[in-house]
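To start, the structure under review is shown below, and the notes come after it.
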Amino acid sequence: MNGYVGTPTSRVDGRAKVTGAAKYAGEFAADGLLHGFIVDATVPRGRITRLDTSDALKVKGVVDVLTHTHRVALADKDEAWKDEVAPEKGSPFRPLYDDRVKFNGQPIALVIAEDWETAKFAATRVRVEYEQEAFATDLETERGTSAKVDQPHKPRGDAAAALAGAAVRHEADYVLPTEHHNPMELYATTAVWDGSGSLTVYDKTQGVQNVHKYLCGVFDMKPEDIRVVSPYVGGAFGSGLRPQHQVVLATLAALALKRSVRVVLTRQQMYGLGYRPMTIERVALGAKSDGTLDAVTHEAIAVTSRYEDFSRNDTGWAEQLYKSPNSRLSHKLVHLDVATPCDMRAPGAATGVCALECAMDELAVALKLDPIELRLKCYSDRDQSEDLPFSSKQLRECYARGAEAFGWARRNPAPRAMRDGKDLVGWGMATGVWEALQMPVAVRIVLTANGHAEVSCAASDIGTGTYTIMAQVAADALGLPIGNIDVKLADSTLPQAPVEGGSWMAASSAHAVLGAAEDIRQELARLAKAIPDSPLGGLNASEMVLVDGTISKAGDKSRAVAIADAMRHGKLERIEKQKLNQFAEDKSHARNTHSAVFAEVKVDEELGVIRVTRVVSAVAAGRILNTKTGRSQIMGSVVWGIGMALHEETVMDHRFGRIMNANIGEYHIPVNADIHDIDVIFVDEPDDRINKLGVKGLGEIGIVGVPAAIANAVYHATGKRVRHFPITLDKLLG
Amino acid sequence: MNNFQYSRANDVADVIRLLAADPGAKLIAGGTNLIDLMKENVERPSRLIDISRLPLRNVEETPDQGLRIGALVPNSDLAYHPLIEQRYPLLASAILAGASAQLRNMASVGGNLMQRTRCAYFYDTTTPCNKREPGSGCSAIDGLNRNHAILGASNSCIATNPSDMSVALAALGALVHIAGPTGERTIALTDFHRIPGDKPHVDTNLSTGEIITAIGLPPRGFARNYSYLKIRDRLSYAFALVSVAAALELEGNAISEARLALGGVAHKPWRRLEAEAALRGQAATPDHFGRAADLLLEGAVAGSHNGFKLELARRAVVRTLMQAASGTPQSQAHKKIA
């Protein structure tokens, strides 16, 4: 299979996006559309004692104000509220369900008006009184109340004893703050009432079928009475994996009023959704004097809400990266009066690997070893948690290629030894690791006799390029030009797909396309052979390929039948095939992506100003389906990693239990002026075990390791080790 | 946002009449700060008086070789005005250090002087704030005050003025021309903004019913030796942790005239004549600049999270004066603090 796969193909939806033709959830029109505006709780914990909507209802243009005492029925069992991404343990949040306030910013009423401005104005007229209760929102003061989470990682050996006896030891706390996703597109839902009781729900989500099932459960509706559509998503990064408040509220209002309703969150209200939970990561490493590891312990203490236990794998990554006979890993949660955290790009790894890789850098300093040399000495060819080999692991090659491109050999190992004029120069590196997951996905292909194919699937494209890679794979598999492929996504009535997340969609959707295309090929082979005096006569289907609009003998284009001819002879205008692709279970190998990240910082020490002047990210992630969108994924991740290292932090005033920088003016992410050279290298990593195409996925790997590489570079530049992220200038001056 | 009345003014007299008729009215030009505050229900004007069509968009030379800048000149137009670029590059540089290109295109010069603090508590109507709600208390004093004032603050308020442009104007000795019900008056820019004292809700000495009509610049522009240095948490689109406007006149290596103002550290651009006087007649050396910084920062007090600003401000003053003295001003376009 050769052609589009593996090339820098431009986005097939690019033109629609830049011209505005691509419609997002908050842009769909409907007759008589009403607009909802959410009223949020202003206390972190308590009970609503009075919710007076009378003044709001008097505002001209206001149609209704929905509250927990004034709404249609909502499911009363947790099962209905548990979407496919909900934490196993806990009771999901239910908007407008009762008088309980569980977090500051919780939606407590929905004002519905003929226009958005009126709804927003009337929302200020809703009077709320609370019976406040004692609350806690500060992880650092509450860390003593943490409770252990069950994790798959079993202790190996006796890490405590090994640490105690280690020739060289490093132990420290690394603190990663709460971060919010801040996708450009605001969360929005347009729930369109069709007049007879059924709804089309345009929603910003990473999984239309997840939202569909959830809404059916929450509102006790028949599957055929609700359809969820989300053709384009303006960034989500994990925040759209679970159904969010606005889809419940828009649907609630549409059902209550029997009219179409749109609800769009404000930027401030986006901070009432999920987030990357703050973690305190305690890492201890014990090494022999030769630089091999004897013990690894990693304990993460993370925030969750009082009503759900959200946790991800922060601590398990050393098991894949570094050989150590003794290991103890644990994850603890502190329950606070905040909203439940959620997945955010490389959940667990972005924070946990940051701590691990800073600790490895500190260990390298203690051992007087080059950071890469230490990592090579500890290199693990097996996933130690399950004692499995990897399906592929070209991490050594990442170190080598990255180091070469970066010029690592010219690094003076001593801190404060490299300068550029007045600036201190620091070179740091870190390893990245993520999982290569794959999920069942179904695809339908409809091939028409004019040589066009429609490829459809319920999967979302959250901006990652799913439309494009599915078109590439389909074009190659069907032997058609990419312009003849029309990809339809993110409609709950289309063939099954899970949420788009975890970096699994590229591999999963690509193989689903292959599965359906194979059935098309078989059908065409049958038709072509049936033609009288067929040039393919006597061949088995397995000897035929689809190429250049024909079905032909593999390697012999002279024996070919045009697809159109095969279908005409078979009297078929269209061939429709739908197939669910399930990956065969294979527990014999671990599957991971890896990266080596190199960062250069220049520090104006007098003023504490840090610039990240160069980043080289060498990534091993199997076959790269599209080197252009893939490179964009990694570059975007590196920018985000720079933000994690230097800028991003959700700041809460714990006296009020309230986020104080809930806007993108004060919640700092890097701006263009902060970004310099970023070099992305894809290391060849053939992997014929993981799946047919050898695809692993790129969504998360690009961010993992970046903040640690920068923190390590800052240490190398200044001799100062900042373990409390982000590394703002006051921490360097202090 | 509240409902409000809207009036369009055609000339200054119109504005004064409309202001007198409605004490709850606010003037709107670019609206880059006021609209935000209205969305947050911090500002709840009964009426917006649209002054954007007033004939106050000219930059004119005055008989004394200074400039008169109309209050409605957009920040961008001012920064790129040939007379400003050539004669007052400190002002151009400070403007370009502020906000984003889009905001500078909208924001007016008068509006820039009137912009309000970005203290998070001022913006969040659920928390106490003396500036927003007199007598309710200051949440920042014992709260998140990393970017709050170290100079001229009070027990009622530790907010800072967010403007970059004003810092340069303070250093340049700019004047503010004001019209009101009793006629016209002119005050020094350094007297325009207040320190909070026990009335933090009053940002400026502009009286009720008055409008800024123009900014006056004295002839001295310090076009050879100047620099505006803004230290912040990212290189663009962030408010200053500390900013410095420095301007020198040199005779050889001796300082004949010096101007120095700080931003991001007080309720107003912070200028102290003693610091400048101490530089006159001295050689342009880091030691002398350090002494001037100490004088400028005299009386500075750290809060619980902004102690770093004291040393940062001192170092930034020295650096900016060095940039000014060497004729290598800080670029606002390069991705680098020089």
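Lettering of chains follows the sequences in order, A, B, ..., and the numbering in each one begins at 1. Quantities reported herein were computed from a predicted structural model and do not represent experimental measurements.
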Members of residues 637-653 of chain A whose heavy atoms come closer than 4.5 Å to chain B: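 Within residues 637-653 of chain A, the residues under 4.5 Å from chain B are A/His647, A/Val651, A/Met652, A/Asp653.
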Between [options], which has the largest tally of heavy atom pairs under 4.5 Å with chain B?
{"options": "A/Ile675, A/Val43, A/Ile669", "value": "A/Ile669"}
{"options": "A/Lys120, A/Glu666, A/Arg655", "value": "A/Arg655"}
{"options": "A/His676, A/His668, A/Gln268", "value": "A/His668"}

Heavy-atom proximity to chain A below 4.5 Å, by part of [X]:
{"X": "B/Ser236", "answer": "both"}
{"X": "B/Asp124", "answer": "side chain"}
{"X": "B/Asn3", "answer": "both"}
{"X": "B/Tyr123", "answer": "neither"}
{"X": "B/Ile231", "answer": "side chain"}
{"X": "B/Thr125", "answer": "neither"}

Contacts table for residues 108-118 of chain A: side-chain donor-acceptor under 3.5 angstrom, sequence neighbours left out:
from, atom 1, to, atom 2, distance (Å)
A/Glu114, OE1, A/Arg259, NH2, 3.4
A/Asp115, OD1, A/Glu117, N, 3.2
A/Asp115, OD1, A/Thr118, N, 2.8
A/Asp115, OD1, A/Thr118, OG1, 2.9
A/Asp115, OD2, A/Thr118, OG1, 2.9

Under a 4.5 Å cutoff for heavy-atom pairs, which residue among [options] has the most contacts with chain A?
{"options": "B/Arg232, B/His305, B/Lys39", "answer": "B/Lys39"}
{"options": "B/Gly307, B/Ala333, B/Ser139", "answer": "B/Ser139"}
{"options": "B/Val242, B/Asn41, B/Asn306, B/Asp142", "answer": "B/Asp142"}

State, yes or no, whether a side-chain contact exists between B/Leu229 and A/Leu607 at a heavy-atom distance under 4.5 Å.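 Answer yes - side chains close enough.
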Mind checking whether A/Arg125 and B/Asn2 have side chains closer than 4.5 Å, heavy atoms only?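 SC-SC contact between A/Arg125 and B/Asn2 confirmed.
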For [X], which atoms come within 4.5 Å of any heavy atom of chain B: side chain, backbone, both, or neither?
{"X": "A/Lys422", "answer": "side chain"}
{"X": "A/Ile610", "answer": "neither"}
{"X": "A/Phe656", "answer": "side chain"}
{"X": "A/Glu606", "answer": "both"}

For atom CG of A/Asp55, decide whether the heavy atoms of other residues, nucleotides or ligands shown that lie under 6.0 angstrom number more than 12.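 It does: A/Asp55 CG has more than 12 such atoms within range.
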Just checking A/Glu133: does its CD atom have more than 12 heavy atoms from other residues, nucleotides or ligands closer to it than 6.0 angstrom?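 Atom CD in A/Glu133 is crowded, with more than 12 foreign heavy atoms closer than 6.0 Å.
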Dump the intermediate steps for side chain to side chain donor-acceptor pair (under 3.5 Å) on A/Arg658 and B/Thr126, then the final yes or no. CA-CA 9 Å; A/Arg658 222 171 141 75; B/Thr126 71; 2.8 Å; yes
Salt bridge (Lys or Arg N to Asp or Glu O under 4.0 Å) against A/Asp423, all qualifying residues, sequence neighbours excluded: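 A/Arg611, B/Lys336.
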With a 4.5 Å heavy-atom cut-off (strictly below), which parts of residues 314-330 of chain B touch chain A? List them by number.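 Listed by number: B/Arg315, B/Ala316, B/Arg319.
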Hey, are A/Asp674 and B/Lys335 close enough for a salt bridge, meaning a charged N less than 4.0 Å from a carboxylate O?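 Not counted as a salt bridge, because no side-chain N and carboxylate O are separated by less than 4.0 Å.
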Quick one: CG on A/Asn672 to CZ on B/Arg234, what's the gap to the nearest 0.5 Å?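 Result: 11.0 Å between the selected atoms.
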